[in-house]
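Written below as structure tokens is the structure these notes are about.
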Amino acid sequence: GTEGLLMWCKQHTQGYKDVLVKDFHLSWRDGLAFCALIHHFRPEKMNFDALAKENCEHNLGLAFKVGDDMGIPALLDVEDMLIVPRPDHFSVITYLSQYYHFFNKPQNVTAKNALPPSSSNPTNSPAATNNTTTSAAS
């Protein structure tokens, strides 16, 4: 269910600068959490350290374009995320479900032991959380 999806998102964005996933609306509004999720599994797709929390439009646009280029349909628009004070959580859940299903296919992951940028904490690696990822949203 949605709690499993939220847990999965928290696990795979933990340790990224300026990213704290607590919900399915405000945690995603600046785009950094989407970028962190992509970077966790496919670090070659973007330079996370070059992103700034203040550049919401750029971050969201980058995440949606990179996701779409990889095969994750862009179900959200940058404008939809920015025009309202609180993005629609059902839309965010639906979009994140696409990420979950995409990144749970081994052929779609290039960094099996990816760590957040500038991090040396091995507990943030997917190997440390692999046993719990299969119980997230279906």
Parallel under 30°, tilted from 30 to 60°, perpendicular over 60°: which one fits the rings of H40 and H12?
->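 It falls in the tilted class, 30° to 60°.
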Parallel, tilted or perpendicular: which describes the rings of F64 and Y95, with under 30° parallel and over 60° perpendicular?
->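 Perpendicular, since the angle between the ring planes exceeds 60°.
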Atom [atom1] of [X] and atom [atom2] of [Y]: how far apart are they, to the nearest 0.5 Å?
{"X": "L62", "Y": "H39", "atom1": "CG", "atom2": "NE2", "answer": "11.0 Å"}
{"X": "Q98", "Y": "I93", "atom1": "CD", "atom2": "CD1", "answer": "13.0 Å"}
{"X": "Q14", "Y": "K10", "atom1": "CD", "atom2": "NZ", "answer": "10.5 Å"}
{"X": "F90", "Y": "H25", "atom1": "CZ", "atom2": "NE2", "answer": "10.5 Å"}
{"X": "D23", "Y": "C9", "atom1": "CG", "atom2": "SG", "answer": "11.0 Å"}
{"X": "F34", "Y": "N59", "atom1": "CZ", "atom2": "CG", "answer": "11.0 Å"}

Determine the minimum heavy-atom distance between [X] and [Y], stating which atoms define it.
{"X": "D68", "Y": "A74", "answer": "OD1-N, 3.6 Å"}
{"X": "I38", "Y": "A63", "answer": "CD1-O, 3.5 Å"}
{"X": "S27", "Y": "K22", "answer": "OG-N, 2.8 Å"}
{"X": "V19", "Y": "T13", "answer": "CG1-CB, 3.8 Å"}
{"X": "M70", "Y": "F103", "answer": "CE-CZ, 3.7 Å"}
{"X": "K53", "Y": "D18", "answer": "NZ-O, 3.7 Å"}

Indicate, with yes or no, if L75 and V66 share a hydrophobic cluster defined by side-chain heavy-atom contacts under 4.5 Å among Ile, Leu, Val, Met, Phe, Trp and Tyr.
->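 Yes.
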Residue pair [X] / [Y], side-chain heavy-atom distance below 4.5 Å:
{"X": "P87", "Y": "D80", "value": "no"}
{"X": "L5", "Y": "Y99", "value": "no"}
{"X": "D69", "Y": "K45", "value": "no"}
{"X": "W28", "Y": "L96", "value": "yes"}
{"X": "L32", "Y": "K17", "value": "no"}

Taking it one step at a time, do E3 and M7 satisfy side chain to side chain contact (heavy atoms under 4.5 Å, CB included)?
-> CA-CA 6 Å; E3 287 304 311; M7 178 69 73; over 6 Å; no
Among W8, F48, F102, Y100, find the one that has a ring-ring contact (aromatic ring centres under 6.0 Å, His included) with F41.
->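 For F41, the ring-ring contact (aromatic ring centres under 6.0 Å, His included) test succeeds with only one of W8, F48, F102, Y100, which is W8.
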Output, in order, the C-alpha distance, side-chain angles, deciding distance and verdict of side chain to side chain contact (heavy atoms under 4.5 Å, CB included) for M46 and L51.
-> CA-CA 9 Å; M46 68 179 65; L51 302 176; 4.2 Å; yes
Backbone N/O of S91 and side chain of D88: donor-acceptor pair under 3.5 Å |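 Yes, the answer is positive, given that a donor and an acceptor are paired below the 3.5 Å cut-off.
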Do any N or O atoms from the side chain of R29 and from the backbone of R86 form a donor-acceptor pair under 3.5 angstrom?
->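 Pair absent, no side-chain N/O of R29 close to backbone of R86.
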Looking at residues at least two apart in the chain, or sitting in another chain, which of them share a ring pair (Phe, Tyr, Trp, His ring centres under 6.0 Å) with F24?
->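 Checked F24 against ring pair (Phe, Tyr, Trp, His ring centres under 6.0 Å); zero matches.
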